[in-house]
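Report on the following structure.
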Amino acid sequence: SLSMEEKVSRDYIQAEKDAAVLFVAECAGLYRALPLFFSLAEGRRAALVLTKRRAFVRAGGAVDGEELSRRLGVPVLFSEGKRRRAFSEELARALPAFSPPKRGAVLEHIYRPAKSGMSRADRLFTNGLFVVPLFLALLALASALAFAPNFPGDLAKGAVERFFTEFLYEACEPVSSPVLKSLLQRGILTGLGSVLSLLPQIAVLYLCLILMEESGLLSRLAMLTDGFFSHIGLNGRAVFSLLMGFGCTAAAVLTTRGSDDRAMQRRTILCLPYLPCSAKLPVFLALASSISDRPFLTVMGLYALGIVLCIAAARLLRPRVRESFLVELDPLQAPRPIFVFKSLLFQLKQFIIKTATVILAFFLFSWLLSSFDVSLRLCPVEKSMLAGLCGWLKWLFAPVGMNDWRIAYAALSGLVAKENVAGAIAMLYGKFPYGGASAFAFAAFLLTCSPCVSAIAATAREVGRRRAALYALIQTASALLFSYAVYFMAKGGAVVTALALSPVIAFLILGRHPIANIRRIRTLHVERVHRPHGRAGVLCLPHPSEGEGDPRERKKDGGGRHAPRGRRRRLLHDRGAGEEKGVHGPL
């Protein structure tokens, strides 16, 4: 079956009959790529671009590009080892030579494939006993570097905070105008400082993801974890999206286009909001000190809770039939420093641009409404326009001990961007004023609620606007109920909550059809009783292993002690009791 991206490409090629084809293929996979190249480029102007030539040559392969171009009748270019501008100029020079390719034995005597077989490194990195612990160790190392006290991420975060609070904030003190002073300190520096201080820790997380993807570890992890993901309703391909979800939910939603079918894509999208993205990190850190005396362990606990909820959601939505999974393993290689550096800079630039545009605009809007009354006079936040507009929101979090519209406004501001929540708390409160139980319930709500507007928009592009809006509404409502349950447990109702949730837990463990998971030993002649609409008959089905000959021969033919799975296990019946269907008479 085709992936979503392949279907989009196919439809575009079929619609644009006069478009030229620039076909990109690896040197090692040229044998497999040429039939597709001929199929796509038939009757069109085309060119062939070959990549990863160095690794192909090191593995014993060889290809004569000039002779291949002459036989195909189209330009053949090698992209490796060339700067973008140089390759673009070479491609522009070759553009007039684009022409439909010629078929035939084009690779004879000019192409030598690389040596096949797995190296020691390949065998090691396809061993689950080595790769999975290595992956967990890398995640633990990245978490420690980013969040642990006195580690680089924590030290850099403190330095950025001091720059905003001690240097820039104090530099605004001599400003004489109270309006301008409030704008600079409360409207800009307080909010932006709380968000930009997370930049070093976010950089560490993105660096870990980039290194795993560039080294080829991620595709091997997808292959090794497919068995686990198939049990919860996903497949190994979901590893790419789920890991990307720790960085940005919107980007993770877009990666689901590589899924094999719509149902799998929708299940993955529904699971992604439960993973803590980098935008939720500022909020968790702002709440961690109120939850416990060990902020690092608190943040790690919230991340672990998000992973558990993601698995539970996937388990709840899993289909009856497991789906196939096919993945091409990326070559093992040392990550290229320049590529890693550029990728990291791109991700950080996107974060800074988002902070300097959408988030800053929200902070200025919040400052304007929270600093002035309807007469546009500077006033306390309790008498501001924002208090009048959002006063009815206070009931949302009243059951968790926070009967205040400001906390509700901060929570709902996360629908624009999750970073807004930490900035709104800093602007309206300065520091989170409630106790540990309320802070934990508030963190649980933010962990499970609908993602930001950009992620909802990405979901709408993939599954449609109505479905995306429905997902967001259901996730936000369920997150509110979940926060109530968490607060009740934190206040001493853990036993009652556990008893109430025990049916749900049993459902998730056993699945939707627990009886179907029980394997029964059957005899050779099994009578199955079926009563459709008051009528009944006995249907005798022979066991697949029943027959003449030695039992060992029957076992070799596929017989066994247990009943077969799949179609042969289904009960065959007819609504009428007919002899031709094997029904031997009424009961």
Side-chain angles (χ1 to χ4, degrees), residues 125 131-148 151-153 156-157 198-226 229 234 236-259 268-269 271-282 284-285 299-300 302-304 306-307 310-311 327-355 418-419 451-452 454-455 458:
F125 280 90
V131 173
V132 175
L134 175 64
F135 169 72
L136 296 177
L138 289 176
L139 286 185
L141 177 61
S143 301
L145 290 174
F147 309 123
F151 273 69
K157 175 180 178 292
L198 275 299
L199 192 62
Q201 295 172 317
I202 292 173
V204 174
L205 295 180
Y206 273 120
L207 179 63
C208 180
L209 292 176
I210 294 170
L211 289 176
M212 285 193 294
E213 185 175 4
E214 180 67 9
S215 63
L217 178 62
L218 208 55
S219 61
R220 283 156 177 78
L221 186 67
M223 179 196 70
L224 294 171
T225 57
D226 178 65
F229 280 110
L234 303 176
R237 194 184 303 276
V239 170
F240 299 99
S241 301
L242 296 180
L243 286 179
M244 184 61 68
F246 287 102
C248 177
T249 305
V253 170
L254 295 178
T255 63
T256 61
R257 291 180 179 178
S259 183
T268 307
I269 289 175
C271 295
L272 285 174
Y274 299 106
L275 295 176
C277 65
S278 59
K280 296 179 182 178
L281 182 59
F284 292 162
L285 291 174
V299 173
M300 292 297 99
L302 290 172
Y303 269 74
I307 294 172
C310 177
I311 294 174
V327 63
E328 184 175 355
L329 297 181
D330 296 329
L332 286 174
Q333 60 183 2
R336 295 169 292 174
I338 297 297
F339 178 83
V340 172
F341 180 71
K342 289 182 178 180
S343 299
L344 182 60
L345 283 184
F346 175 78
Q347 297 293 344
L348 297 181
K349 183 183 71 172
Q350 295 297 108
F351 179 80
I352 293 174
I353 291 174
K354 182 180 179 182
T355 303
K418 287 297 183 286
E419 297 93 341
C452 62
S454 59

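Because only heavy atoms are used, hydrogens play no part in the values below, and waters and symmetry mates are left out as well, while side chains stay in.
The two residues P276 and G306 make their nearest non-hydrogen contact at CD-CA, 4.4 Å. Heavy atoms only, all atoms of each residue included: A222 and V239 are closest at CA-CG2, 4.0 Å. Across A458 and A250, no two heavy atoms sit closer than the pair CB-O, 3.9 Å. Taking every heavy atom of both residues into account, F240 and S219 meet most closely at CZ-CA, 3.9 Å. For the residue pair T268 and S241, the shortest heavy atom distance occurs at CG2-CB, 3.9 Å. For P200 against G153, the heavy-atom pair with the smallest separation is CB-O, 4.4 Å.
The number of heavy atoms from other shown groups lying within 6.0 Å of CD1 (I338) does not exceed 12.
Judged as a salt bridge (charged side-chain N to carboxylate O under 4.0 Å, His left out), the pairs with a partner in residues 215-224 (not counting sequence neighbours) are, in order, D122-R220. Pairs passing the side-chain hydrogen bond (donor to acceptor under 3.5 Å, both in side chains) check and including a residue from residues 135-148, sequence neighbours excluded, do not occur. For residues 337-348, there are no side-chain hydrogen bond (donor to acceptor under 3.5 Å, both in side chains) pairs, not counting sequence neighbours. Applying the salt bridge (charged side-chain N to carboxylate O under 4.0 Å, His left out) test to every pair with at least one member in residues 131-140, sequence neighbours left out, gives no pairs at all.
No side-chain heavy atom of T249 sits under 4.5 Å from any side-chain heavy atom of K418. Put simply, the side chain of L302 does not reach to within 4.5 Å of the side chain of K280, judged on heavy atoms.
The side-chain contact (heavy atoms from CB on, under 4.5 Å) check on I311 picks up F228, I232, I307, with sequence neighbours excluded. Contacts of F125 classified as ring-ring contact (aromatic ring centres under 6.0 Å, His included), with partners at least two apart in sequence or in another chain: F130. Every residue meeting the side-chain contact (heavy atoms from CB on, under 4.5 Å) condition with A148, not counting sequence neighbours, appears here in chain and number order: A144, F151, F296. Applying the side-chain contact (heavy atoms from CB on, under 4.5 Å) test to C310 and every residue at least two apart in sequence or in another chain returns L242, C271, Y274, L275.
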Which pairs would a plain distance check flag for residues 203-214, meaning a side-chain donor or acceptor within less than 3.5 Å of a matching protein atom at least two apart in sequence or in another chain?
unit_1: Y206; atom_1: OH; unit_2: G247; atom_2: O; d: 3.3
unit_1: E214; atom_1: OE2; unit_2: R336; atom_2: NE; d: 3.1
unit_1: E214; atom_1: OE2; unit_2: R336; atom_2: NH2; d: 3.2

side-chain contact (heavy atoms from CB on, under 4.5 Å) assessment of Y303 paired with L139: CA-CA 12 Å; Y303 269 74; L139 286 185; over 6 Å; no
